[in-house]
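Read the numbers this way: they start at 1 and go in the same order the structure lists the ligands and their atoms.
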Amino acid sequence: MVYEGPFAQANEQLERVFDAYRSRTIKRVFYVACGGSSALMYPSKYVIDREAQGITAEIFSSNEFIHRNPRSLDEQSLVILCSHKGKTPETTEAARFAKSKGALTVSLMYVEHAPLADESDFVVNYSWISAGNMEPHPEIMNYAILYRLTMGLLYIKEGNKKYEKLLASLDHLGTVFEKAMVQYADTVREYAEQYKDESIIYTMASGANYGMAYSFAICILMEMQWIHSHAIHAGEFFHGPFEILDKTVPFILLKGLDETRPLEERAHAFLQQYGEKTIVIDAKTFDLTGIDDEVKGYIAPLAMNFVLRMFALALSKARSHPLETRRYMFKVPY
Ligand SMILES: N[C@@H]1[C@@H](O)[C@H](O)[C@@H](COP(=O)(O)O)O[C@@H]1O
């Protein structure tokens, strides 16, 4: 495949980060961001947990990162931050804080110039498109860039060969999305018509998919649709939340291809027995041709997220509530 334009630019930016990886010791990764930008880091932490021999990873909401002030944050830390427009003040502050501790700071953003860029050692720009639309550069979308940064680290520091398999697989992500778009077109429309008047919709997942359930609950349903929601971990479901279940309570359950799928299957069996308003998005239904078997569990959440964003757009149309409508965000002081 011949790459140019945004891909070439992102690649150059990534190569500069990789040179920095090579020039220093990195023992731990802190993923730091807010809201949707934080949710997108969950699959990368899952990859580190599963794959790294000696490197550890944590996820922090930007403000908590500063106030909690982890003792292990030092010059052997890599802090990966993300802010879509690079303007969220607590994320910019977190970058400044991380640098003051000697950490290597790498920030992802959609825009080229922003306050966060000024406070970071390195910036990588990702490609983005609004929910429900075909991603023009899937191989450099936010999740893909994060995976490159994460698997690239494990490749450089620990010789993890899955990096090459990931890169080869990302080349096929666009085709995976195109097929999913056709496959789920009717489902999302029907779902939106059936559920458009619900006042609450829970989401549930585990492992690499939990971040998708989290962002759908807080960013799509709550922020963009003003529908009550909560992302429930499929394992935690049995330790409180399942008491809320009856035949009137809507759930969206994600079933991925990673090692935690048994947790999602257990939750599914219970939802089938006691619930009625359940929709399951199962990654086994996706056509993942071109995705290497060894990274399918890691790529599935990206396809899941793509499909969830189709649900978001369909719901917003059925409810005549545009995804851009806000009461408070960016409108009042907070
Ligand atoms: N859904 C997200 C929010 O969760 C986030 O708070 C906001 C600013 O975030 P960012 O720092 O990514 O620009 O953007 C989006 O609207």
Side-chain angles (χ1 to χ4, degrees), residues 10 30-45 59-67 79-99 105-120 122-133 135 140-147 149 201 203 205 210-231 252 301-302 304-313 315-316 319 321-334:
F30 293 95
Y31 293 104
V32 178
C34 296
S37 290
S38 172
L40 75 88
M41 295 172 163
Y42 284 60
S44 283
K45 170 167 162 54
I59 295 175
F60 280 92
S61 185
S62 306
N63 229 345
E64 170 109 4
F65 178 64
I66 300 165
H67 288 272
V79 179
I80 299 183
L81 307 106
C82 180
S83 173
H84 191 57
K85 292 188 180 153
K87 282 191 200 160
T88 297
E90 52 264 56
T91 305
T92 303
E93 188 55 38
R96 198 178 298 129
F97 174 71
K99 267 179 86 169
T105 54
V106 179
S107 291
L108 277 63
M109 61 196 79
Y110 169 60
V111 295
E112 293 205 5
H113 306 285
L116 177 60
D118 300 337
E119 298 297 336
S120 309
F122 295 94
V123 167
V124 187
N125 298 113
Y126 56 80
S127 152
W128 178 84
I129 190 111
S130 58
N133 294 299
E135 174 58 61
I140 54 161
M141 67 184 294
N142 45 14
Y143 286 96
I145 293 284
L146 261 175
Y147 268 168
L149 283 170
I201 301 175
T203 62
Y210 179 73
M212 312 299 138
Y214 177 58
S215 73
F216 197 75
I218 73 155
C219 296
I220 304 295
L221 295 175
M222 298 174 86
E223 174 187 335
M224 300 183 191
Q225 290 298 296
W226 307 351
I227 295 175
H228 294 282
S229 189
H230 178 54
I252 298 176
L302 279 56
M304 196 82 85
N305 186 56
F306 181 81
V307 170
L308 280 169
R309 287 162 63 83
M310 291 174 65
F311 275 87
L313 184 60
L315 264 179
S316 80
R319 303 176 76 245
H321 184 123
L323 292 167
E324 298 75 27
T325 310
R326 303 286 183 278
R327 273 190 287 211
Y328 313 117
M329 192 175 275
F330 312 126
K331 290 191 161 177
V332 302
Y334 55 95

Could you check if a side-chain atom of [X] sits within less than 4.5 angstrom of a side-chain atom of [Y], using non-hydrogen atoms only?
{"X": "Arg326", "Y": "Met224", "result": "yes"}
{"X": "Val123", "Y": "Met109", "result": "yes"}
{"X": "Val106", "Y": "Leu149", "result": "yes"}
{"X": "Tyr31", "Y": "Phe60", "result": "no"}

- Look at the side chain of Lys87 and the backbone N and O of Ala114, then say whether any donor-acceptor pair between them is shorter than 3.5 Å. no
- Message: Taking non-hydrogen atoms within less than 4.0 Å of ligand 1, which protein residues qualify?
- Response: Gly35, Gly36, Ser37, Ser83, His84, Lys85, Thr88, Cys219, Glu223, Met329, Phe330
- Measure the spacing between OH of Tyr143 and SG of Cys82 and express it to the nearest 0.5 Å. 9.5 Å
